[in-house]
Amino acid sequence: MSGGNKTLVTEFVLTGLTEQPWLEVLFFLVFLVIYLTTMVGNLGLMALIWKDAHLHTPMYLFLGGLAFADACTSTSVTPRMLVNFLDKTAIISLAECITQFYFFASSATTECFLLVVMAYDRYVAICNPLLYPVVMSNRLCTRLVSIAYAIGIIHPLIHVSLLLRLTFCRSNIIDYFYCEILQLFKIACNDPSINALMTFIFAAFIQISTLMAIIISYTRVLFDILKKKSGKGKSKAFCTCSAHLLSVSLYYGTLIFMYVRPASGLAEDQDKIYSLFYTIIIPLLNPFIYSLRNKEVIGALRRVAKK
C-alpha cells in the first residue's frame, strides 16, 4: 500500500483492439497470418542478401538492417497481442511492460536512422555514381549501420529510466494492444509531465531531423533525375527511389501523428489505428515494397531457387 491508501499496481491487463468475442477470433487469425508473413518476408530477405553474392552491396546491407529492425518491431508487439486475443485475463507485469516498450522504441528509433542512411546511399548512387564505390565503402557502410543500431539501443534507455520513477495506482487496465508509453502516463499516480515532455522532445527531434535529412537527400536526387536526358535513366532512378519514398511516407506519417502532436489530438481508436500501421502493417509491407519491383532481388531469388 502507498501512503495515500492506494494500492500500487505492478501488473496490467491490455484490453486489445476489441471486446467482441467473434472479432477477437477473427483478429487473432488475421494478425497471426500477418505476423508469420512479416517474419518470413523480413528474415527471408535477410537470408537472401546474405546468401547471394550479387546482393553484397551497400544498398542491400542497409536493406538487411532495415529488415531486421522490422522483424524486431513486429515481434515486440504482435505475439503478446495474439495471446491477449485468446485470453483476456492474461496479465503483463510492469517489468514485461517496460521491456516491451524498450524493444519497440529501440527498433523504431533504429529504423528512423536506417531510412536516413538509405536516403544518403541513393543520393550518392544517383547524383555521384562515379564516386559511389569510393564514398560508400564497406567500412563506412558498416559504421553507419552500427551507429543507427547504437542510437536505437541507447535512446529508449532515457525513457525507461524516467518510467522507473513513476508509480501506478489509478488502474491496472491499459486500453491498448501493447504497452504504449503515452498510455502508461495516463494511469500513473505521480505527475508524468517530465516524462511526457521528454518523450515529445526526443520524438520531435529524432523524427523531424531524420525526415528533413531524407527530404533534402531526395530533393537533390529529384533535381538530378530531371536533368537526365535519357528517359530510361529517369525511369530507372524513379523506380529505385519510389519504394523508399513510399516506405518513408507511411512510417513517418503515422509516427508523427502519434508522438509529435498535442496530447488531446486524436481519439483513442484513431491512436490505435496509427499504432497498428507503424508496429504491424509497415514491417509487413517493407520487404514487399523493396523487393517486388527490384530486378536484382528477383534475380537472386531465382538463382537461390535453382540451387
Side-chain angles (χ1 to χ4, degrees), residues 14-18 27 30-31 34-35 37-38 41-42 63 65-78 80-81 100-119 148 151-152 155-156 159 174-186 196 198-215 218 241-290:
L14 297 168
T15 61
L17 296 174
T18 181
F27 282 166
V30 169
F31 286 105
I34 287 175
Y35 179 64
T37 306
T38 299
N42 284 289
L63 186 53
L66 183 69
F68 183 71
D70 280 331
C72 290
T73 298
S74 185
T75 299
S76 69
V77 173
T78 312
R80 182 73 210 191
M81 183 173 68
Q100 184 185 49
F101 161 73
Y102 173 82
F103 281 105
F104 158 70
S106 177
S107 55
T109 303
T110 300
E111 183 153 345
C112 286
F113 286 94
L114 284 175
L115 289 171
V116 173
V117 171
M118 293 172 72
I151 296 172
H155 165 239
H159 302 293
I174 299 177
D175 187 20
Y176 228 68
F177 60 94
Y178 76 102
C179 287
E180 202 273 324
I181 191 169
L182 300 180
Q183 302 302 317
L184 288 174
F185 297 162
K186 293 180 180 180
M198 293 300 288
T199 300
F200 176 81
I201 289 172
F202 276 94
F205 176 74
I206 290 173
Q207 292 168 28
I208 293 175
S209 63
T210 54
L211 180 59
M212 289 304 298
I214 293 169
I215 290 172
Y218 276 101
C241 298
S242 60
H244 191 181
L245 286 173
L246 177 59
S247 175
V248 166
S249 300
L250 290 171
Y251 190 66
Y252 277 92
T254 51
L255 269 182
I256 288 173
F257 270 116
M258 270 296 295
Y259 294 105
V260 189
R261 61 172 173 84
S264 59
L266 292 174
E268 209 61 61
D269 289 341
Q270 288 177 292
D271 277 354
K272 290 179 182 180
I273 291 171
Y274 284 123
S275 295
L276 279 174
F277 262 90
Y278 59 74
T279 57
I280 295 173
I281 304 302
I282 291 173
L284 167 71
L285 294 178
N286 272 347
F288 300 101
I289 289 174
Y290 285 103

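Within the 4.5 Å cutoff, no side-chain heavy atoms of Tyr218 are placed close to those of Val248. Side-chain contact check for Ile181 versus Phe104: every heavy-atom pair is 4.5 Å or farther apart. Side-chain contact between Glu180 and Asp271 is absent, with no heavy atoms from C-beta onward closer than 4.5 Å. Side-chain contact between Tyr252 and Cys112: present, with at least one pair of heavy atoms (C-beta onward) separated by less than 4.5 Å. With contacts defined as side-chain heavy-atom distances shorter than 4.5 Å, the pair Ile281/Leu250 does not qualify.
Across all non-hydrogen atoms, the minimal contact from Val116 to Ala213 is CG1-CB, 4.0 Å. Closest heavy-atom contact between Leu184 and Ile174: CD2-CD1, 3.7 Å. Of all the heavy atoms in Phe177 and Leu14, the pair that sits closest is O-CD1, 4.1 Å. Listed here is the closest heavy atom pair of Ala148 and Leu114: CB-CD2, 3.9 Å. Residue Pro283 comes nearest to Thr38 through the heavy atom pair O-CG2, 3.6 Å, listed as atom of the first residue, atom of the second, then distance.
Looking at Tyr178 and Thr78, their side chains never bring a donor and an acceptor atom within 3.5 Å of each other.
Under the side-chain contact (heavy atoms from CB on, under 4.5 Å) criterion, Phe68 pairs with Met46, Cys72, Tyr149, sequence neighbours left out. Qualifying side chain to side chain donor-acceptor pair (under 3.5 Å) partners for Thr199, counting only residues two or more places apart in sequence or in other chains: none. Applying the side chain to side chain donor-acceptor pair (under 3.5 Å) rule to Ser275 yields the partners Tyr176, Tyr278; only residues at least two apart in sequence or on another chain are considered. The side-chain contact (heavy atoms from CB on, under 4.5 Å) search around Ala196 returns Phe185, not counting sequence neighbours. Scanning for side-chain contact (heavy atoms from CB on, under 4.5 Å) contacts around Thr15 gives Ile173, Asp175, Lys272, with sequence neighbours left out. For His155, the side chain to side chain donor-acceptor pair (under 3.5 Å) criterion is met by Thr109, His159, not counting sequence neighbours.
Of the inter-residue distances, the one linking Thr254 atom OG1 with Tyr259 atom OH reads 10.0 Å to the nearest 0.5 angstrom. If you take CD1 on Ile208 and CE on Met212, they are separated by 9.0 Å, rounding to the nearest 0.5 Å. Interatomic distance, Thr75 OG1 to Asp70 CG, rounded to the nearest 0.5 Å: 10.5 Å. The distance from the SG atom of Cys179 to the CZ atom of Phe103 is 13.5 Å, given to the nearest 0.5 Å. One distance of note links CG of Leu255 with OG1 of Thr279; it measures 10.0 Å at 0.5 Å rounding. Once rounded to the nearest 0.5 Å, the distance linking CG of Asn42 with CZ of Phe288 reads 8.5 Å.
When the options Ile256, Leu285, Ile282, Asn286 are evaluated for a side-chain contact (heavy atoms from CB on, under 4.5 Å) with Tyr251, the one that passes is Ile282.
Proximity of a side-chain donor or acceptor of Ser106 to a complementary backbone N or O of Gly152 within less than 3.5 Å is detected. Side-chain N or O atoms of Thr73 include one that pairs as donor or acceptor with a backbone N or O of Ala69 at under 3.5 Å.
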Review point. Taking it one step at a time, do Leu115 and Thr210 satisfy side-chain contact (heavy atoms from CB on, under 4.5 Å)?
Key: CA-CA 8 Å; Leu115 289 171; Thr210 54; over 6 Å; no
Check your understanding: Taking it one step at a time, do Val77 and Phe31 satisfy side-chain contact (heavy atoms from CB on, under 4.5 Å)?
Key -> CA-CA 11 Å; Val77 173; Phe31 286 105; over 6 Å; no
